[in-house]
Amino acid sequence: MKKLFLILSVFIAELAFSQTVKSIKIESGETKEMKFDALSKEKITSFDANFSKFITALKASDRKTSDALLSEKARMVVTDNVYKKLSTDIKFNRKLEIYK
């Protein structure tokens, strides 16, 4: 019985010491702040006009027009389900406006 306890204690000690960390990698937690330039009034009115066109295309369920107003990356991601969800979730009776 003593031999069994001795063997088990050796295996338990081996298992306990094998769980130690041999190398630690410390990464810096510094974050870089990005500064955005203020948009001019012309850009804001341009974005507002394009946004209004997109909303009217969603309201009319016009996929081609809304695709034309999206960027290339957005066209790759947006599917029919996204269009359906947008058209059902957006309340078209409200006035929507882009502002900073």
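To the nearest 0.5 angstrom, L8 atom CG is 6.0 Å from I12 atom CD1. Considering OG of S66 and CG of L70, their distance stands at 6.5 Å, rounded to 0.5 Å. In this structure, NZ on K2 lies 13.0 Å from CG on L4, to the nearest 0.5 angstrom.
For K84, the side chain to side chain donor-acceptor pair (under 3.5 Å) criterion is met by no residue, not counting sequence neighbours. By the side-chain contact (heavy atoms from CB on, under 4.5 Å) test, S9 is found to be paired with L6, residues two or more places apart in sequence or in another chain being considered. Applying the side-chain contact (heavy atoms from CB on, under 4.5 Å) criterion to A49, with sequence neighbours excluded, gives no partner residue. Partners of E72 according to the side chain to side chain donor-acceptor pair (under 3.5 Å) rule, which considers only residues two or more places apart in sequence or in another chain, are R75.
A donor-acceptor pair under 3.5 Å links the side-chain atoms of T45 to the main chain of K41, judged by distance alone.
Summarising the hydrophobic clusters (Ile, Leu, Val, Met, Phe, Trp, Tyr; side-chain heavy atoms under 4.5 Å, direct or chained), the residues clustered with F11 are I7.
No side-chain heavy atom of I44 sits less than 4.5 Å from a side-chain heavy atom of S40. The shortest distance between side-chain heavy atoms of N50 and F54 does not fall below 4.5 Å.
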Show me the donor-acceptor pairs within less than 3.5 Å that the side chains of residues 57-64 make with the rest of the protein, sequence neighbours left out.
residue, atom, partner, partner atom, Å
D62, OD2, T65, OG1, 2.3
R63, NE, D67, OD2, 3.3
R63, NH1, D80, OD1, 2.1

